[in-house]
Amino acid sequence: MTPAIIVFVLLLFIGAPVAVVMAMSGLAGGFAIGGERMLGIIADRMFSGVSGFLLIAVPYFIFTAELMNQGGLTHKLIAFNNALFGRVRGSLSHVNISVSVFFAGLTGAAVTDTVAIGKIMIPEMKKQGYDAEYAAAVTACSSIIGPIIPPSVVMVVYATLLRDISVIDLFAGGIIPGLIMALALLGVSFFLAWKRNYPKQAPTPFKMAVMAFLLALPAMVVPLIILGGILSGLTTITEASGFAAVYAIVIGVVFYRNLTWRKIWDSLVTTVRFSGVVFFLLATSAVLGWFVTRSGIARDAASMITTVSDAAFVQLMLVCLLLIVIGTVMDVLPALVVIAPVLVPAMIQLGFDPLHFAILMIVVLNISNVTPPVGMTLMTAARIAEVPYERAIVASLPFYVSFLVVIVLLAAFPALSTWIPSLL
């Protein structure tokens, strides 16, 4: 085990890509366990890590999100949500959050949400008198909802890494936590809008509100296609994701008429690039996961957690704190594939519900998207807002505190994550 840890820490310290870190540390650990005869297993483990039928859904989800973004969906959703919140003080801030809830049913990735919504909302918020750093903060923090409310690329990856939980249960389990996060953000947004006297807009006439709803309706059907088909059992996740991509092309070309062949090609290129990163991470994580299983690290981690405290809630809080620390130096997917094979078996061994811990882990790691220094969504939003990253960090603190409250609620009340899956 020692050679694997040394290689892992050394490569991580010198800034090697996370996929290379996982592959080389697993290789070193395997060699330490069984010598050269173990090296032949590495290629087999890498292939098995990306050979699951479930993973076909990943590029389809990414492709669907790109198509909807390229087809002008974001403008339609913003117009509809603006009709709902326009007369309320700080309306654009609330619209930013509510649009992310709708967009979460399409993207499954936080950074995609940040770029799609941020390029429209941030300049408009600045134009109407909102602080640039606040516009960046609310955009980045609301984008975290994307991977929580299904569909979610992160959840598909989790179900592939830890096959003791179905991705259907993960999708169902993320609905309530995602909505709670949205309500927490809206609470902070309403308070700050009142305190800072942010502007409000004129009420939207009823006819215009109805028209905005009708224009956004075809796009809002996409989550119903995906979730309705999956949760009802009519389709598999892969089938639902493929059908959603076809539907996105049809409404983009026929209904909205904004989707050209060039935009479809650009969407395909983006899908291939992002999918390549995800699949390479999964392949190398399978090597590290195999070594973790053989070495007994998970068992040792469980023993170490129990030595600190016997109280289940305290143990969960300690693990959440560890995940937050990891999230400060690693992005969500790399952190998930590195830590999940170690922590999840340990927590199951301690008696925690696998689904409850899975949702909690996914929520906490996604919050790392706004945790400096490697907060990708916050960094992206700051660039769009043309504001220093440090100022965006300070502006995001009230929203970050609300996320911490959500973590405590999810840890204290497992039913928030398990109730909807239990109905299925």
Side-chain angles (χ1 to χ4, degrees), residues 50-74 76-77 80 99-109 112-113 116 145-160 166-175 178 213-276 278-279 282 420-421 423-424:
V50 295
S51 61
F53 182 74
L54 178 64
L55 288 175
I56 299 176
V58 171
Y60 275 128
F61 283 139
I62 299 170
F63 187 44
T64 301
E66 287 298 319
L67 288 170
M68 302 303 280
N69 190 25
Q70 293 277 3
L73 159 71
T74 312
K76 306 298 186 297
L77 289 177
F80 170 58
V99 167
S100 290
V101 175
F102 285 96
F103 217 70
L106 306 172
T107 62
T112 303
D113 190 314
I145 302 172
I148 309 301
I149 295 179
S152 168
V153 172
V154 176
M155 289 180 180
V156 174
V157 171
Y158 187 100
T160 305
S166 73
V167 72
I168 296 177
D169 286 339
L170 289 173
F171 276 13
I175 295 174
F213 170 74
L214 293 176
L215 288 174
L217 185 60
M220 293 190 290
V221 171
V222 177
L224 297 179
I225 293 173
I226 298 174
L227 291 182
I230 294 171
L231 298 182
S232 66
L234 294 176
T235 65
T236 65
I237 291 177
T238 306
E239 291 167 348
S241 63
F243 186 75
V246 174
Y247 177 81
I249 293 176
V250 172
I251 65 170
V253 173
V254 178
F255 187 81
Y256 292 128
R257 298 183 180 181
N258 291 328
L259 199 58
T260 62
W261 288 112
R262 178 63 186 179
K263 291 180 178 179
I264 294 175
W265 174 256
D266 290 341
S267 299
L268 283 169
V269 171
T270 302
T271 300
V272 170
R273 287 175 175 170
F274 190 25
S275 299
V278 173
F279 278 74
L282 286 173
I420 293 182
L423 299 179
L424 302 175

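Since the structure is predicted, the reported quantities are computational estimates derived from the model, not experimental observations. Just the heavy atoms: all of them, side chains too, but no hydrogens, waters or symmetry mates, feed the values below.
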- Note on the structure: Of all heavy-atom pairs linking Thr64 and Ala244, the shortest is OG1-C, 3.7 Å
- Query: Hey, is the main chain of Ala240 close enough, under 3.5 Å, to the side chain of Tyr60 for a donor-acceptor pair?
  - Reply: no
- Message: Tell me the closest heavy-atom pair linking Pro218 and Tyr247, and the distance in Å.
- Response: O-OH, 2.9 Å
- Taking every non-hydrogen atom, the tightest pair across Leu214 and Phe255: O-CZ, 4.3 Å
- How about Thr238 and Phe243: do any of their side-chain heavy atoms sit closer than 4.5 Å? no
- Query: Are the side chain of Glu239 and the backbone of Thr236 linked by a donor-acceptor contact shorter than 3.5 Å?
  - Reply: yes
- Item | Pairwise distance OG1(Thr270) to CH2(Trp265) - rounded to 0.5 angstrom | 11.0 Å
- Message: Could you check whether atom OH of Tyr256 has more than 12 heavy atoms from other residues, nucleotides or ligands sitting under 6.0 Å from it?
- Response: yes
- Message: Can you tell me how far apart CG (Asp266) and CD (Glu66) are? Round to the nearest 0.5 Å.
- Response: 9.0 Å
- Item | Reported CE-to-OG1 distance for the pair Met155 and Thr160, which is rounded to 0.5 angstrom | 13.0 Å
- Item | Atom of Ile175, atom of Ile149 and distance for their closest heavy-atom approach | O-CG1, 4.4 Å
- Query: In Å, rounded to the nearest 0.5 Å, how long is the span from OG of Ser267 to CD1 of Ile62?
  - Reply: 12.0 Å
- Task: Measure the shortest side-chain to side-chain distance between Ser152 and Leu170 over non-hydrogen atoms and say whether it is less than 4.5 angstrom.
- Result: no
- Message: If we ignore hydrogens and angles and just use 3.5 Å, is the side chain of Ser275 paired with the main-chain N or O of Val272 as donor and acceptor?
- Response: no
- Any side-chain heavy atom of Val58 within less than 4.5 Å of one from Phe63? no
- Using atom types as modelled and distance alone, determine if a side-chain donor or acceptor of Lys263 lies under 3.5 Å from a backbone N or O of Leu67. no
- Query: Just how far is it from atom OG of Ser166 to atom CD1 of Ile237, taken to the nearest 0.5 Å?
  - Reply: 7.0 Å
- Of all heavy-atom pairs between Pro147 and Val154, which one has the smallest distance, and what is that distance? CB-CG2, 4.1 Å
- Note on the structure: For Pro421 and Gly173, the nearest pair of non-hydrogen atoms, with its separation, is CG-N, 3.6 Å
- With a cut-off of 6.0 Å (strictly less than), are more than 12 heavy atoms of other residues, nucleotides or ligands near OH of Tyr158? yes
- Item | Sequence neighbours excluded, every pair satisfying ring-ring contact (aromatic ring centres under 6.0 Å, His included) that has a member inside residues 213-237 | Phe80-Phe213
- side chain to side chain contact (heavy atoms under 4.5 Å, CB included) between Trp261 and Ile264, worked out: CA-CA 5 Å; Trp261 288 112; Ile264 294 175; 4.0 Å; yes
- Could you state the interatomic distance from CG (Leu259) to CD1 (Ile251), rounded to the nearest 0.5 Å? 9.0 Å
